[in-house]
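All values below come from the heavy atoms of this structure, side chains included, with hydrogens, waters and symmetry mates left out.
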Amino acid sequence: MNCNEAIQEARDARVIDLCILRSGEVAWRIAHRWVLQNMRVDDVDDFLDSIGVKAESASDRLWNQVGYVVVDHSDPTGRQRVTLTSRRSAPVIVIRLHGAEAPEIESLNWPQAVTSWADRGQGVIVLTGPGGSGKTSLGSGMVRYCADRELTCWLLESPPEFDQPSPLAISYSVGPGQEFPSFAHGVVASMTATVDVVFLGQLNDARAAQAAFDAARFGKLVIVTMLSGSVTQALQQLQLWGVPGTTQAELLIGVAALRLVPASGGVDRLTGLPLIGASEVWEPTEDTLHFLRGEEYGEIHQLLRSNRSTLEHSLGALVGEQRVALTEARRLAPNPQEV
């Protein structure tokens, strides 16, 4: 089997991540678990050549310098983000598979309480969770929704993962040698441009976090994704990056911690999809804002528990509806014993 055939099989099965191991064996990641498939790829060198990683190429030199390289690639079905690492002089390839276009927000089946945040004109929206939890799809869907309302949008990503159908949504690559060297640079540039909405595909340092909140203070809607396990972990990380609780309380629209869970039986009976979304959602209330200003993150978590708004409650509800297995729900929960 060649690499493009393996990619198409993964797309047909609606798999998000595909890995080609050093031996040529193929694994799919299904809700954060790698599962070996009964297939083997035999044209790795040809595939690397086709995406521009070959002798004396800029990508090849970067790979040799830092131990990995990320390549943005497309096929007729959609975008691919290809991450290459080398082990014992042989490549290991992880391919994130995306659709050709950013999804419509209604198709993603996230709570209305979250998707409605895209109607806000100013503030910061935080979408958090581990890799492959649906953050980028939801954020890109929010941008598509905003562009359809004739708002000008910038997407700052490394690399861009979806095409946006509207010319009002403009994607920029972030990284060495790209259009912006860092996320913070892109956000600062947006402050001097006529931009209504800014999407940061990966909030990963203090400069970017502080710039995102500065942009919101200057009147922009800022949507960010970041890696963390829960709402309170995301809030604490922002504080560690120099965004104090008082600033969070002033500018945050909401925080959603996301998970995608394998459906029992392989396909969900309600949506027809192999993965089901679970979420922990925080929106400002007088009680939580008081604790947020005081950076009392443990108290915020207790209020989420009291309001049955935690990720564990969302996962438990799916178990109760017999849509997901208890073992899968507990595997993806920050506090498994609470599911």
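- With hydrogens and angles ignored, the 3.5 Å screen pairs a side-chain donor or acceptor of S116 with a backbone N or O of Q112.
- Looking at every heavy atom in both residues, V124 comes nearest to A212 through CG2-O, 4.1 Å.
- Distance alone, capped at 3.5 Å, places no donor-acceptor pair between the N335 side chain and the Q337 backbone.
- For R14, the CZ atom counts as loosely surrounded, since its 6.0 Å shell holds 12 or fewer non-hydrogen atoms of other residues, nucleotides or ligands.
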side-chain contact (heavy atoms from CB on, under 4.5 Å), that's the test. Do H301 and E296 meet it? Break it down for me.
CA-CA 9 Å; H301 180 69; E296 299 176 68; over 6 Å; no
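- A donor-acceptor pair is defined here as one N or O able to donate and one able to accept, closer than 3.5 Å; no such pair exists between the side chain of S228 and the backbone of T128.
- Proximity of R81 to I95: side-chain heavy atoms (C-beta onward) are nowhere separated by under 4.5 Å.
- With hydrogens and angles ignored, the 3.5 Å screen pairs no side-chain donor or acceptor of S140 with any backbone N or O of S137.
- Side chain of S279 to main chain of A257: no donor-acceptor pair is present (N/O by atom type, distance under 3.5 Å, no hydrogens or angles).
- Put simply, the side chain of Y297 does not reach to within 4.5 Å of the side chain of Q233, judged on heavy atoms.
- For the 3.5 Å distance criterion, the side chains of T310 and H313 fail to qualify, holding no donor opposite an acceptor.
- Contact detail for V243 and Q248: the closest heavy-atom pair is O-NE2, 2.9 Å.
- Classification of R79 and D72 as a salt-bridged pair holds, one side-chain N sitting under 4.0 Å from a carboxylate O.
- With hydrogens and angles disregarded, no donor-acceptor distance shorter than 3.5 Å links the side chain of S314 to the backbone of L311.
- Using a 30° and 60° split on the angle between ring planes, F180 and W154 fall in the tilted class, from 30° to 60°.
- Hydrophobic clustering places V35 together with I93 (ILVMFWY residues linked when any side-chain heavy atoms are closer than 4.5 Å, directly or through intermediates).
- In terms of modelled atom types and a separation under 3.5 Å, the side chain of N2 and the main chain of D43 share no donor-acceptor contact.
- Under the 4.5 Å side-chain heavy-atom criterion for ILVMFWY residues, a single connected hydrophobic cluster contains both V126 and V198.
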Set out, in order, the CA-CA distance, both residues' side-chain angles and the distance that settles side-chain contact (heavy atoms from CB on, under 4.5 Å) for Q202 and F183, then state yes or no.
CA-CA 8 Å; Q202 178 79 356; F183 289 102; 4.0 Å; yes
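- When hydrophobic clusters are built by joining Ile, Leu, Val, Met, Phe, Trp and Tyr residues whose side-chain heavy atoms come closer than 4.5 Å, directly or via intermediates, L108 is not grouped with V255.
- Within the 4.5 Å cutoff, the side chain of L138 has heavy atoms near those of the V114 side chain.
- Contact check for V319 versus L315: no side-chain heavy atoms found under the 4.5 Å cut-off.
- Annotation: side chain of I170 is in contact with side chain of Y172 (closest heavy-atom distance under 4.5 Å).
- Between the side chains of S166 and Q164, not a single donor N or O lies within less than 3.5 Å of an accepting N or O.
- The backbone N or O of V174 sits less than 3.5 Å from a side-chain atom of S158, completing a donor-acceptor pair.
- Distance CG/L303 to CG/L292: 11.5 Å, rounded to 0.5 Å.
- Within the 3.5 Å criterion, the main-chain N or O of L260 finds no donor-acceptor partner in the side chain of S133.
- Rounding to the nearest 0.5 Å places CG of L221 at 5.5 Å from SG of C146.
- Criterion: ILVMFWY side-chain heavy atoms under 4.5 Å apart, direct or through other members. Under it, V281 and M226 are not part of a common hydrophobic cluster.
- In this structure, the side chains of R29 and R96 come closer than 4.5 Å at one or more pairs of heavy atoms.
- In this structure, L84 and L48 have side chains that are in contact, with non-hydrogen atoms separated by less than 4.5 Å.
- For R120, the CZ atom sits in a loose shell: 12 or fewer heavy atoms of surrounding residues, nucleotides or ligands are nearer than 6.0 Å.
- Rounded to the nearest 0.5 angstrom, I16 CD1 and R11 CZ are separated by 11.5 Å.
- Using a cut-off of 4.0 Å between Lys/Arg side-chain N and Asp/Glu carboxylate O, R217 and E250 are scored as salt-bridged.
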I'd like to know whether R323 forms a side-chain contact (heavy atoms from CB on, under 4.5 Å) with T271, so could you lay out the CA-CA distance, the side-chain angles of the two residues, the decisive distance to 0.1 Å, and finally the verdict.
CA-CA 10 Å; R323 297 173 66 192; T271 65; 4.2 Å; yes
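- In plain terms, the two heavy atoms of P130 and L258 that are nearest each other are CD-O, 4.0 Å.
- In the displayed structure, E104 atom CD is contacted under 6.0 Å by at most 12 heavy atoms of other residues, nucleotides or ligands.
- A distance of 11.0 Å separates CH2 of W241 from CD of Q210, quoted to the nearest 0.5 Å.
- Here the closest non-hydrogen pair linking P103 and R144 is O-CD, 3.7 Å.
- When all heavy atoms of E283 and T288 are compared, the closest pair comes out as O-OG1, 3.8 Å.
- To the nearest 0.5 Å, atom CZ of residue F213 and atom CG of residue L238 are 5.0 Å apart.
- Hydrophobic cluster membership differs between V197 and V222, with clusters built from Ile, Leu, Val, Met, Phe, Trp and Tyr side chains linked at under 4.5 angstrom.
- A salt bridge between D196 and K220 is absent, with no side-chain N of the basic residue lying under 4.0 Å from a carboxylate O of the acidic one.
- Summarising the local packing, CZ of R308 is surrounded by 12 or fewer heavy atoms from other residues, nucleotides or ligands at distances under 6.0 Å.
- Closest approach of L318 and G277 over heavy atoms only: CD1-O, 3.9 Å.
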Could you walk me through whether V224 and I125 pass side-chain contact (heavy atoms from CB on, under 4.5 Å), step by step?
CA-CA 6 Å; V224 306; I125 298 169; over 6 Å; no
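- For the atom pair CG (N4) and CG (D46), the distance works out to 10.0 Å, reported to the nearest 0.5 Å.
- Within the 4.5 Å cutoff, side-chain heavy atoms of T136 are placed close to those of F162.
- Panel note: side chain Q37, backbone A27; no donor-acceptor pair is recorded below 3.5 Å.
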